[in-house]
K.L.:
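The structure follows.
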Amino acid sequence: MYLVVRKDVPLGRGQAMALAGAGAVRCEDALADTPAWAEGFRGWAVRPRKVALRASAEELEALAGRLDGVTAGEVLLCLPPRLRSASEPELAALRPYTDPPRGAAPPPLPEGPLLRYVVPDGVLRTTGKAMAQAGHAAIECVHVLGAATASWREAGCPGEVRVAQGADWERIRTLAPVVVSDAGLTQVAPGTETVAAFAPATDPPRELDGLERLP
């Protein structure tokens, strides 16, 4: 699955992760059962890799106009899974997305149910990697929690991200319904836990009291 991000837009890491989670879930909801992409999603589910790529505004608009996909926040396009060898030439030409320009002010949190992502401090080194991990966490929450995510998905899959320091992470990882462990292909060792996620809710669960919000 490809997350194509506008490279000229400042994004806080928390904002970028929430957008990635929303895009991944909305892409699966929209396309996983279509004839063109059902087989790709089935194969991808065995080893669900995500890659973040960077694009100019013009490149992003062109991709959105030509390829099946779902946009999130007008700065991200999520494309359904395909083999890297089968990627369209204009997609294959894009470079990896690592970090956005600085200077973004975090937007206010939307009302209604939010998926709460929690990251262990210092583990994820780039925003692109963090976005891929958020996408894993969001889709896994849908698979694990099922109908409990319905109103959240209808609202566009909004989220917020919090940071847990050492002892807090050890507590959080035992309480969250979803904890993502990375395959270790890039940046972190195999089995490294990267994101925990809590069921969508209007109010933050008490387990997250005192954890700093990641802008």
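For reference, positions follow the sequence shown, starting with 1. The shown structure was predicted, so the numbers you read here are calculated from the model rather than taken from an experiment.
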K.L.:
Do L3 and L19 sit in the same hydrophobic cluster, where Ile, Leu, Val, Met, Phe, Trp and Tyr count as joined when their side-chain heavy atoms come under 4.5 Å apart?
P.N.:
yes
K.L.:
Are L114 and L214 joined in one hydrophobic group, where the rule is that I, L, V, M, F, W and Y side chains link up if heavy atoms are under 4.5 Å apart?
P.N.:
no
K.L.:
Check whether any side-chain heavy atom of W44 lies under 4.5 Å from a side-chain heavy atom of K50, and answer yes or no.
P.N.:
yes
K.L.:
In this structure, are over 12 heavy atoms from other groups packed under 6.0 Å from D209 atom CG?
P.N.:
yes
K.L.:
List the atom of Y117, the atom of G159, and the distance in Å for their closest heavy-atom pair.
P.N.:
CE1-CA, 4.2 Å
K.L.:
Is there a path of hydrophobic side-chain contacts, each under 4.5 Å between heavy atoms of I/L/V/M/F/W/Y residues, joining L211 to V179?
P.N.:
yes
K.L.:
With rounding to the nearest 0.5 angstrom, report the CG to CZ distance, L115 to R153.
P.N.:
11.5 Å
K.L.:
Shortest non-hydrogen contact from A196 to I172?
P.N.:
CB-CG2, 3.9 Å
K.L.:
Check whether the side chains of Y2 and S87 place a donor and an acceptor atom closer than 3.5 Å, and report yes or no.
P.N.:
yes
K.L.:
Indicate if F41 and I139 have the same hydrophobic cluster label, given that clusters are the connected sets of ILVMFWY residues with side-chain heavy-atom separations under 4.5 angstrom.
P.N.:
yes
K.L.:
Would you call R6 and L60 a side-chain contact if the rule is heavy atoms closer than 4.5 Å?
P.N.:
yes
K.L.:
Any side-chain heavy atom of P48 sitting closer than 4.5 Å to one from M1?
P.N.:
no
K.L.:
Using a strict 4.0 Å threshold on nitrogen-to-oxygen distance, state whether D168 and R171 make a salt bridge.
P.N.:
yes
K.L.:
For the backbone of A167 and the side chain of E170, can you confirm whether one donor and one acceptor N or O come within less than 3.5 Å of each other?
P.N.:
no
K.L.:
Check whether any side-chain heavy atom of L76 lies under 4.5 Å from a side-chain heavy atom of M131, and answer yes or no.
P.N.:
yes
K.L.:
Please give me the minimum heavy-atom distance between A64 and L77, naming the atom from each residue.
P.N.:
N-CD2, 3.7 Å
K.L.:
Evaluate the side-chain proximity of R116 to P204: yes if any heavy-atom separation is below 4.5 Å, no if none is.
P.N.:
yes
K.L.:
Check this for me: does any side-chain nitrogen of one of R66 and E90 sit under 4.0 Å from a carboxylate oxygen of the other?
P.N.:
yes
K.L.:
Just verifying a value: how many Å separate L11 CG and M17 CE, rounded to the nearest 0.5 Å?
P.N.:
13.0 Å
K.L.:
Applying side-chain hydrogen bond (donor to acceptor under 3.5 Å, both in side chains) as the test, list every pair that has at least one member in residues 73-82; sequence neighbours left out.
P.N.:
R82-E88
K.L.:
Where do V195 and A137 come nearest, in terms of heavy atoms and distance?
P.N.:
CG1-CB, 3.9 Å
K.L.:
I need the C141 SG to F198 CZ distance, nearest 0.5 Å.
P.N.:
9.5 Å
K.L.:
State, to 0.1 Å, how close P158 and P113 come at their nearest heavy-atom pair, and which atoms those are.
P.N.:
CG-O, 3.4 Å
K.L.:
Holding to side-chain contact (heavy atoms from CB on, under 4.5 Å), I want the full list of residues that pass it with R125, two or more places apart in sequence or in another chain.
P.N.:
Q187
K.L.:
Should P100 and P10 count as side-chain neighbours, where that means a heavy-atom distance under 4.5 Å?
P.N.:
no
K.L.:
Distance from L208 atom CG to D203 atom CG, nearest 0.5 Å?
P.N.:
11.5 Å
K.L.:
Taking only residues two or more places apart in sequence or in another chain, which ones pass side chain to side chain donor-acceptor pair (under 3.5 Å) with D99?
P.N.:
R13, T127
K.L.:
Report yes or no: do W169 and D121 form a side-chain donor-acceptor pair below 3.5 Å?
P.N.:
no
K.L.:
CD of E39 to OG1 of T34: how many Å apart, nearest 0.5 Å?
P.N.:
11.5 Å
K.L.:
Check for a donor-acceptor pair, side chain of T149 on one end and backbone N or O of W152 on the other, with a separation under 3.5 Å.
P.N.:
no
K.L.:
When clusters are formed by joining ILVMFWY residues with side-chain heavy atoms under 4.5 Å apart, either directly or through shared neighbours, do L31 and L67 land in the same one?
P.N.:
no
K.L.:
Indicate yes or no: at least one non-hydrogen side-chain atom of V119 is less than 4.5 angstrom from one of T194.
P.N.:
no
K.L.:
Which heavy-atom pair separates G156 from R26 by the least distance, and what is that distance?
P.N.:
O-CD, 3.8 Å
K.L.:
Please determine whether a side-chain nitrogen of the Lys or Arg among R162 and E160 lies less than 4.0 Å from a carboxylate oxygen of the Asp or Glu.
P.N.:
yes
K.L.:
What's the separation between atom CG in L63 and atom CG in D68, rounded to the nearest 0.5 Å?
P.N.:
12.0 Å
K.L.:
Does R173 come within less than 4.0 Å of E193, counting only side-chain N to carboxylate O?
P.N.:
yes
K.L.:
Would you say L124 and Q133 make side-chain contact, with heavy atoms under 4.5 Å?
P.N.:
yes
